[in-house]
Amino acid sequence: MTALFRIVIAEVPGFPVLGQMQFQLGELPYFTSVQRYSESEHEAGNADVPDAESAAAQRCRGFAEPRVCGAR
């Protein structure tokens, strides 16, 4: 899977839609679920996460080695 991901990243300059598709199908669902979870925990009083979008972007970057993720 890593090799396929590297091929996609290498081709993004020539095929930008490929990178957008990779993000929408791969990382965006993860990013969205982390954001929603952070929001629900903040609303429930279990966590102090006033900016769930930024928190999700930071978390996503922590897992994304040289990939494009969230706010990038």
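At least one side-chain heavy atom of Phe31 sits less than 4.5 Å from a side-chain heavy atom of Glu53.
Looking at every heavy atom in both residues, Glu39 comes nearest to Ala52 through CG-CB, 3.3 Å. Nearest heavy atom pair, residue Ser38 against residue Val49, reads CB-CG1, 3.9 Å.
For the side chain to side chain contact (heavy atoms under 4.5 Å, CB included) test, residues two or more places apart in sequence or in another chain that qualify with Glu41 are Tyr37, Asn46, Ala47.
Rounded to the nearest 0.5 angstrom, Gln35 CD and Ser40 OG are separated by 11.0 Å.
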